[in-house]
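Below: the structure, in structure tokens.
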Amino acid sequence: MKKHSRFQGTKINPSRFHKSQIRYILTVSPIVAFMILPLIYIFNHAFKPLEELFYYPPKFIVEKPTLANFVRLFQVTGTSGIPMSRYFFNSIIVTILVLVFSVLISTMAGYALSKLNFKGKKAINEINTLALMFVGIAVTIPRYLVVEKLGLIDNFFVHVLPYLAIPVGLFLIKQFIDQIPNELIDASRVDGANEWQIYRKIILPLIKPAIATIVILSFQTVWNSSDTSTTYINNDVLKTFAFYMNTLTANTNGVAGQGMAAAASLIMFLPNLIIFVIMQSKVMDTMAHSGIK
Amino acid sequence: MTSLAAVIKKPKSKAVKERQKIAYLFVTPYVLMFTIFIVIPVIAAILLSFTYFDAVRFPEWVGFENYINILTNDDVFMQYVIPNTMKYAIIVGPGGYILSFLLAWMLAQMAPKIRTILALIIYSPSLTSGITMAVLWRVIFAGDNTGYLNSVLLTLGVIVEPIIWLQSQDFLLTIMIVVTLWSSMGVGFLAILAGILNVNQELYEAGYLDGIRNKFQEMLYITIPSIKPQMLFGAVVAIVGTFSASGIGVALSGSNPTPQYAGQLIVNHIEYYGFYKYEMGYAAALSVILLIVVYLFSRLAFRLFGSKDE
């Protein structure tokens, strides 16, 4: 016990603060500052009134915060005359559909690939691990051709479908299910539960941390993505919020545009941050099982 | 006896068969989506890479011509794209990866509260999308004296005239590297952090009894070997993330090709040929090369951290 408390200061994962930790805090602080400065800058820029945006030399911190940038952002309707609320609505629907279906699809597949025996299981697992190395941006063009062949151009669901199979997501879910003891599943089979019931009543509740992680990863990808709107959608009414934000901020140069751009970035960024803060302990729990063996 | 065995055996094999069927039902939706949006596009890219295809007429088989042209006839590729991509990939990939390990390692030595806050700060830039942020980076790196960086440097007297950062042959690539590194401490960083936090404490105590003398030896002989699987996951995520984020140069400078090809990476080169010049076969060959490069880097990571090669 005595030895243990002597060890406390330098050991990994200490339970409380000790002055020997200060050197680590000092070492990481410049990097932490570098990481957080752009974020502080967006926050401040987004709430600056017009005259502060014109300040020279530019001031980092906002003096008289105002919502004017947000108001202007919401009043501007694109050149096509479609109100911003429409894009916002599209994005929310797309995000919800992707979250629900990607969680459903990857947890079902994860359960089968981890706990059920069937032909081709090993091959699917191996191909999925291989697909962790897949860079989607490399196949933008063939993907476009596939989507075109399927007749999905200008179809609303083209925002959803490409994001349903996420190799990293399935991988994390499967690793997490691997930790669940087989006895638990065998016992419920003896009790007469069928596979669907086992999946719903045993697996799903036990893998909530992994599900939280998939939700965050999917949300981040879908909410921030303007690729599907750019590549597959010509009809303006069907485009998403991220796309609208991009074109709006890219086309509005000048100082007033910068204020709106900051407001737009903040709207894009905040939901990601909030969801992550709420779920961060679950994410860390999942990440502990993330290793590739 | 035999009939009894048959009675017992029969329902069991039936249950197993039933379970197989259900297993297929469970994996089918994923496999279907995976096939449509990942497998088929990759195969299509490979097939198209051997054709001339202008997106209008039917692809015409040309054998290895595209690959030969890439390697012998594409001056932009050889002079700018390859050196740029290598410089970018080496600094952002292994550099960012080592940085994320060191950060995670140092955070793991801190008390839980301060660790959580700092981890959140380090992770949160990865929640922004590069493209959305590009507009704001453009303000920070604006080419006149209203740009934040120019303003600071002018005030400090480091420079006399504002620098047009994002159109500059000397700075664009560096800025891309900085911006990507800023947003690269994502899932891989969290995985490594979680891995380090979950290393069995007794290993450290045993290690010190066995003659480990300092923190560096501790990191090398206990921490890293214990978290090899997470290190491998982090490495694969870092490699993929590096290449996926590499469209940033076009977003920052606002044009493809980037000014004097200063920030032209292989991903931009693919899009330039595919969407601007409509040489789909050529673009596909470039895509295949990119996928092979990513695959080779990942194999290297498997060599370093995989448990199979031990």
Side-chain angles (χ1 to χ4, degrees), chain A residues 11-14 16-17 21 24-25 27-28 31-32 35-36 39 42 56-58 105-106 108-109 111-113 116 118 124 131-135 137-139 141-143 145-146 162 164-165 170 195 220 224 245-246 249 258 261-262 265 268-269 272-273 276 283-284 287-288 290-293, chain B residues 19-20 22-24 26-27 29-30 33-34 37-38 40-42 44-45 48 103 106 108-111 118 121-122 124-125 127-129 131-133 135-136 139 146 148 151 155 190-191 194 196-199 204 229-230 232-233 236 240 243-244 267 274 280 283 287 290-291 294-295 298 307:
Chain A
K11 80 173 188 189
I12 298 264
N13 199 359
R16 64 190 111 88
F17 184 75
Q21 293 166 17
Y24 296 112
I25 297 173
T27 318
V28 295
I31 296 168
V32 170
M35 300 307 266
I36 203 171
L39 298 175
I42 308 178
Y56 181 79
I105 285 176
S106 50
M108 278 169 57
Y111 171 52
L113 289 171
L116 300 176
F118 60 95
I124 297 176
L132 292 179
M133 306 162 205
F134 172 71
V135 178
I137 197 167
V139 295
I141 293 158
R143 235 185 209 185
L145 298 173
V146 170
L164 293 184
L170 175 64
E195 298 307 315
Q220 209 177 321
N224 288 340
M245 290 291 170
N246 272 345
T249 49
Q258 290 171 13
S265 296
M268 294 303 298
F269 170 68
N272 286 303
L273 184 69
F276 181 72
V283 175
M284 290 307 281
M287 286 305 157
S290 67
I292 305 174
K293 283 176 190 128
Chain B
R19 221 175 285 159
Q20 275 231 10
I22 291 166
Y24 285 121
F26 272 62
V27 288
Y30 182 87
M33 288 300 141
F34 184 86
F37 291 102
I38 296 177
I40 295 177
V42 171
L48 279 177
L103 284 172
M106 284 191 278
Q109 330 262 342
M110 297 174 191
L118 294 186
I121 292 172
I122 293 171
S124 54
L127 293 168
T128 63
S129 82
I131 313 292
T132 322
M133 277 299 290
V135 187
L136 292 158
V139 179
T146 63
Y148 276 61
S151 168
T155 322
L190 291 184
I196 298 176
L197 291 176
N198 282 295
V199 174
Y204 290 105
Q230 277 84 9
L232 179 53
F233 178 76
V236 172
V240 172
F243 287 100
S244 301
V267 168
M280 301 289 184
S287 302
L290 171 59
L291 289 175
V294 173
Y295 176 74
S298 304
S307 47

Open item on the list: Apply side-chain contact (heavy atoms from CB on, under 4.5 Å) to residues F118(A) and I22(B) and explain how you reach the verdict.
Closed with: CA-CA 9 Å; F118(A) 60 95; I22(B) 291 166; over 6 Å; no

Open item on the list: Please give me the minimum heavy-atom distance between R16(A) and A111(B), naming the atom from each residue.
Closed with: C-CB, 3.5 Å

TODO: Using atom types as modelled and distance alone, determine if a side-chain donor or acceptor of N224(A) lies under 3.5 Å from a backbone N or O of L127(B).
DONE: yes

Open item on the list: Taking side chain as everything from C-beta outward and backbone as N, CA, C, O, which of these in I196(B) sits under 4.5 Å from a heavy atom of chain A? Side chain, backbone, both or neither.
Closed with: both

Task: Proximity breakdown for I36(A) and chain B, heavy-atom pairs closer than 4.5 Å - done: both

- [ ] Could you tell me whether a side-chain N or O of Q230(B) sits under 3.5 Å from a main-chain N or O of A288(A), the two making a donor and an acceptor?
- [x] yes

Open item on the list: What I'd like to find out is whether the side chain of L103(B) reaches to under 4.5 Å of the side chain of V28(A), using heavy atoms alone.
Closed with: yes

Open item on the list: To the closest 0.5 Å, what do you measure between CD1 (I31(A)) and CG (L118(B))?
Closed with: 11.0 Å

TODO: Pick one of side chain, backbone, both or neither for V135(A), based on which atoms fall under 4.5 Å of a heavy atom in chain B.
DONE: both

Open item on the list: Which heavy atom of P125(B) sits nearest to which heavy atom of M35(A), and what is that distance?
Closed with: CG-O, 3.7 Å

- [ ] Under 4.5 Å heavy-atom distance to chain B, tell me which part of F276(A) shows up: side chain, backbone, both or neither.
- [x] side chain

Open item on the list: In the structure I gave you, are the side-chain heavy atoms of R143(A) and F37(B) within less than 4.5 Å of one another anywhere?
Closed with: yes

Open item on the list: Using a 3.5 Å distance criterion without hydrogens, assess whether the side chain of N13(A) forms a donor-acceptor pair with backbone atoms of A108(B).
Closed with: no

Open item on the list: Distance check, rounded to the nearest 0.5 Å: T27(A) atom OG1 versus Q109(B) atom CD?
Closed with: 10.0 Å

Open item on the list: Nearest 0.5 Å, please: how far is OH in Y30(B) from CG in L164(A)?
Closed with: 10.5 Å

Task: Option that, when pairs with chain A are counted at under 4.5 Å, heavy atom only, ranks first among A44(B), A283(B), A191(B) - done: A191(B)

- [ ] Mind checking the CZ-CE spacing from F17(A) to M110(B)? Nearest 0.5 Å is all I need.
- [x] 9.5 Å

Open item on the list: With chain B as the partner, which of L39(A), L113(A), I124(A) has the greatest number of non-hydrogen pairs under 4.5 Å?
Closed with: L39(A)

Open item on the list: Counting heavy-atom pairs closer than 4.5 Å to chain B, which one of A138(A), A112(A), S290(A) comes out on top?
Closed with: S290(A)

Open item on the list: Which one wins on heavy-atom pair count under 4.5 Å against chain B: L170(A), V283(A), L145(A)?
Closed with: L170(A)

Task: Heavy-atom contact with chain B under 4.5 Å, split by part of I42(A) - done: side chain

Open item on the list: Using heavy-atom distances under 4.5 Å, tell me whether I292(A) contacts chain B through its side chain, its backbone, both, or neither.
Closed with: both

Task: Spacing of L291(B) atom CG and F134(A) atom CZ [to the nearest 0.5 Å] - done: 6.5 Å

Task: M106(B) versus Y24(A), closest heavy-atom pair with distance - done: CG-CD2, 3.7 Å

Task: Contact origin within I137(A) toward chain B - heavy atom pairs under 4.5 Å - done: side chain

TODO: Search all heavy atoms of I38(B) against all heavy atoms of A165(A) and return the closest pair with its distance.
DONE: CD1-O, 4.1 Å

Open item on the list: Please classify the contact of I25(A) with chain B as side chain, backbone, both or neither, using a heavy-atom distance under 4.5 Å.
Closed with: both

- [ ] Heavy-atom distances under 4.5 Å only: say whether A23(B) touches chain A with side chain, backbone, both or neither.
- [x] both

Open item on the list: Is S124(B) close to chain A through its backbone or its side chain, or both, or neither, when contacts mean heavy atoms under 4.5 Å?
Closed with: both

TODO: Sort E195(A) into side chain, backbone, both or neither according to what part of it lies under 4.5 angstrom from a heavy atom of chain B.
DONE: both

TODO: First locate atom CE of M284(A), then atom CG of N198(B), and finally report the distance between them rounded to the nearest 0.5 Å.
DONE: 8.5 Å

Task: Region of I122(B) in contact with chain A, defined by heavy-atom distances below 4.5 Å - done: both

